[in-house]
Amino acid sequence: MCCVHGKSQITFIVNSDAKNSYHLLKKKIIDITTSTNTSQNIFTNYVPNYEESNLIYYLDTTSKELKDFFISIRPMIQYKYQKNFNILVPTSSFIITNNMTKKNLKFNDDLVQKIKESFKYIIISYSKYQHNIEIVETIKVICNSIGIRYQLNEYSDLKELEKIKNQKSNEIILKVTYKDFPHYSSMLLQLLNKISDSNKAIKYWLNNDILELEDYINNSINYIPIFQGEQLYYKNNSAKYWRYNKNGYLQKS
């Protein structure tokens, strides 16, 4: 949350309880909230502000079994998340914007059984950030419904999460990245060092074969894109000229 004082001074207030943002805003202790999911029932008398975001939320694993399983339940994660929170935008691609996945809400029994046979439990690692917590809560509900055991590893921030060097074979990590610029090549440049044959990917890029490039990336890395970011925030009239850009930076419009 932020207090905007005149033209030169901005004060940031760290608030661990997102629901408390409304009370801070109402008392004019803050002028503008950060991105929040607590919208419909909390922020009465405030008009929501929506902004696009370059953030992409994805799952990272070293296991082909876990990759196949989480791809199979990705539509369920997206459906259940949107049903409860409806902020992030479902995607199945790093390359194609707003690439909605098909609403296949049935479990693949063979994949579920394979996970149960391969792993005593799975580890879900994530940073303690509002959207991450809610995505993980959604994954927990799905795992509980089919009897897959899990262990949660919560990290205080993204930097702590990035320190994981020896990722376990039964571990799935929820990560966040962002596009440096709007074109799909921004994500390609980030992923090149993860792709087995980067020259092949560059060839697809130069030929503008976007669908071929997307398929090749999805088959070459164990990353599973699940959501694109969208920012929802509230503000008082004192901050009417302030907004967040696509990278989440506060700026004066």
Yes or no on side-chain contact (heavy atoms from CB on, under 4.5 Å) for Ser196 and Tyr216, after CA distance, side-chain angles and deciding distance?
-> CA-CA 10 Å; Ser196 54; Tyr216 185 67; 3.7 Å; yes
Should we say atom [atom1] of [X] is surrounded by more than 12 heavy atoms from elsewhere, each under 6.0 Å from it?
X      : atom1 : answer
Lys116 : NZ    : yes
Asn193 : CG    : yes
Lys168 : NZ    : no

Check: Tyr58 ring centroid to Tyr223 ring centroid under 6.0 Å = yes
Taking the six-membered ring for Trp and the single ring otherwise, decide whether the centroids of Tyr155 and Tyr126 are under 6.0 Å apart.
-> no
Any donor-acceptor N or O pair under 3.5 Å, side chains [X], [Y]:
X      : Y      : answer
Asp31  : Ser238 : yes
Gln113 : Glu117 : yes
Ser127 : Asn132 : yes
Ser93  : Glu214 : yes

Check ion pair Lys64-Asp68 (N to O, under 4.0 angstrom) | yes
Test: Lys140 and Glu137 ion pair at under 4.0 Å = yes
What is the distance from atom [atom1] of [X] to atom [atom2] of [Y], rounded to the nearest 0.5 Å?
X      : Y      : atom1 : atom2 : result
Glu212 : Lys203 : CD    : NZ    : 10.5 Å
Phe69  : Cys143 : CZ    : SG    : 5.0 Å
Ile95  : Ile210 : CD1   : CD1   : 8.5 Å

Does some side-chain heavy atom of [Y] sit less than 4.5 Å from a side-chain heavy atom of [X]?
X      : Y      : answer
Ile73  : Phe107 : yes
Leu188 : Leu213 : yes
Pro225 : Arg74  : yes
Lys235 : Thr33  : no
Asp60  : Gln167 : yes
Ile226 : Phe70  : no
Tyr79  : Leu105 : yes
Ile124 : Leu174 : no

Worked verdict on Gln251 versus Tyr244 for side chain to side chain donor-acceptor pair (under 3.5 Å) = CA-CA 6 Å; Gln251 63 181 28; Tyr244 291 98; over 6 Å; no
Is a donor on one side and an acceptor on the other found under 3.5 Å between the side chain of Glu171 and the backbone of Ile122?
-> no
Ile123 and Ile172: side-chain contact (heavy atoms from CB on, under 4.5 Å), yes or no, with the steps?
-> CA-CA 6 Å; Ile123 300 172; Ile172 194 99; over 6 Å; no
